[in-house]
Amino acid sequence: MTDQGRRPEVRDAARIVVKIGSSSLTTAAGGLDPHRVQRLADVLAASRSAGVELVLVSSGAIAAGLVPLRLPRRPRDLATQQAAASVGQGMLMARYTQAFGQHAITVGQVLLTAEDVVRRAHYRNAQRTLYRLLALGVLPVVNENDTVATEEIRFGDNDRLAALVAHLVRADLLLLLSDVDGLYDAKPGRPAARRVEEVADVDQLRSIQLGKAGTAGLGTGGMATKVEAAGIATGAGIPVVLAAADQAAAALAGEPVGTLFRPTGARPTSRLFWLAHASTPRGRLQLDPGAVQAVVDRRSSLLPAGITAVEGSFTAGDPVDLVAGNGEIVARGLVNFDAAELPELLGCHTTDLASRLGPAYAREVVHRDDLVLLRPAGRGGRST
Ligand code: GLU
């Protein structure tokens with residue numbers, strides 16, 4: 001293929017996050033397939049030799065744990081999933097270590113939970129580790145830390161994790177590999193179904209997300225999470241290619257396989273991006289109209305005076321949603337008080353609180369630096 005036919009987004013990418021799903025790494029019986037792992041390693045090694053920095057986000061821990069635990073299928077309950085992941089993650093890494101070892105590439109395991117990376121110190125920590133691994137020539141292999149991720153703090157699916165990691169390492173491209181060869185405009189397999197070669201902008205993406213483009217297959221095969229992940233990455237300025245695992249080499253060569261999602265937004269501030277997309281809110285603060293205006297239009301901190309009600313049980317430092325009178329979530333932020341402390345502060349001015357309860361109570365409930373708008377001033381949709 002001539003250089004001209006190649007996708008510039010791929011050709012010019014110096015750092016790529018590649019995500020592969022369990023079904024592309026396992027045998028029909030459900031165990032890890034060493035040949036498929038090796039094939040992936042061979043393809044990625046070729047990209048590395050061409051000078052591309054890579055981060056691999058790999059599922060497969062739970063799948064790998066099924067055989068040694070004699071589990072016939074993926075368990076439904078969280079505790080058994082966690083046990084399977086505990087057994088399988090080591091096996092998965094052993095396979096990658098061996099497969100990339102054939103190419104003299106060292107791999108490093110990075111396990112993340114959503115909670116870990118939303119908090120400022122942890123976020124920087126994860127970023128620093130990944131940067132250092134890349135600087136040392138290591139190929140980081142990322143997965144969710146399934147063994148400790150409870151329902152409240154988990155990413156849930158690795159597509160979203162991969163989009164967030166792409167942002168974290170400032171990748172130039174996110175490649176999502178799965179068992180389908182792209183996004184279809186109708187359920188794949190139907191005679192009329194055609195592969196969408198390119199998703200150009202937010203409107204097209206939105207119509208796909210809403211199912212208006214006739215994407216009947218969205219609910220199946222995990223396509224919805226892939227489109228959502230593509231939305232997160234492209235919204236952060238990172239192009240995405242969605243392709244089948246056996247097209248990995250062609251996709252990395254920039255050939256027009258799969259579906260290309262063009263970037264639609266600018267890169268937002270890192271931590272706030274995570275706050276918006278990776279955190280699970282632990283509670284809700286109801287705002288009066290003045291507070292909504294202050295937070296949304298003037299980008300001010302949230303003070304106790306503007307809060308009318310508190311829901312949920314959270315502690316200081318947790319993410320909470322800020323909700324307008326009509327129920328719309330307008331922002332998410334890290335709260336500076338425990339839920340139990342707030343009721344007696346509501347509606348009070350900070351100067352009164354300081355004189356009544358002491359200077360520590362004069363602080364903002366959510367500081368503007370710890371706040372991300374989900375309804376930007378004067379616009380619909382998310383700001384990040
Ligand atoms: N973290 C899970 C695993 O490694 C997979 C999650 C996903 O595939 O989205 O088994």
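Atoms within each ligand, like the ligands themselves, are counted from 1 in listed order.
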[atom1] ([X]) with more than 12 external heavy atoms under 6.0 Å:
{"X": "Arg11", "atom1": "CZ", "result": "yes"}
{"X": "Arg95", "atom1": "CZ", "result": "no"}
{"X": "His349", "atom1": "NE2", "result": "no"}

**OP:** Answer yes or no: is there a donor N or O on one side and an acceptor on the other, between the side chain of Gln81 and the main chain of Arg76, under 3.5 Å?
**Re:** yes
**OP:** Answer with yes or no whether the hydrophobic clustering places Val141 together with Leu173; edges join I, L, V, M, F, W, Y residues whose side-chain heavy atoms lie under 4.5 Å apart.
**Re:** yes
Subject >> Per-ligand residue contacts, ligand 1, heavy-atom threshold under 4.0 Å >> reply: Ser59, Gly60, Ala61, Ile62, Asn143, Asp146, Asp157, Asn158
Original post:
CG/Leu345 to CZ/Arg363 distance, rounded to the nearest 0.5 angstrom?
Top reply: 8.5 Å
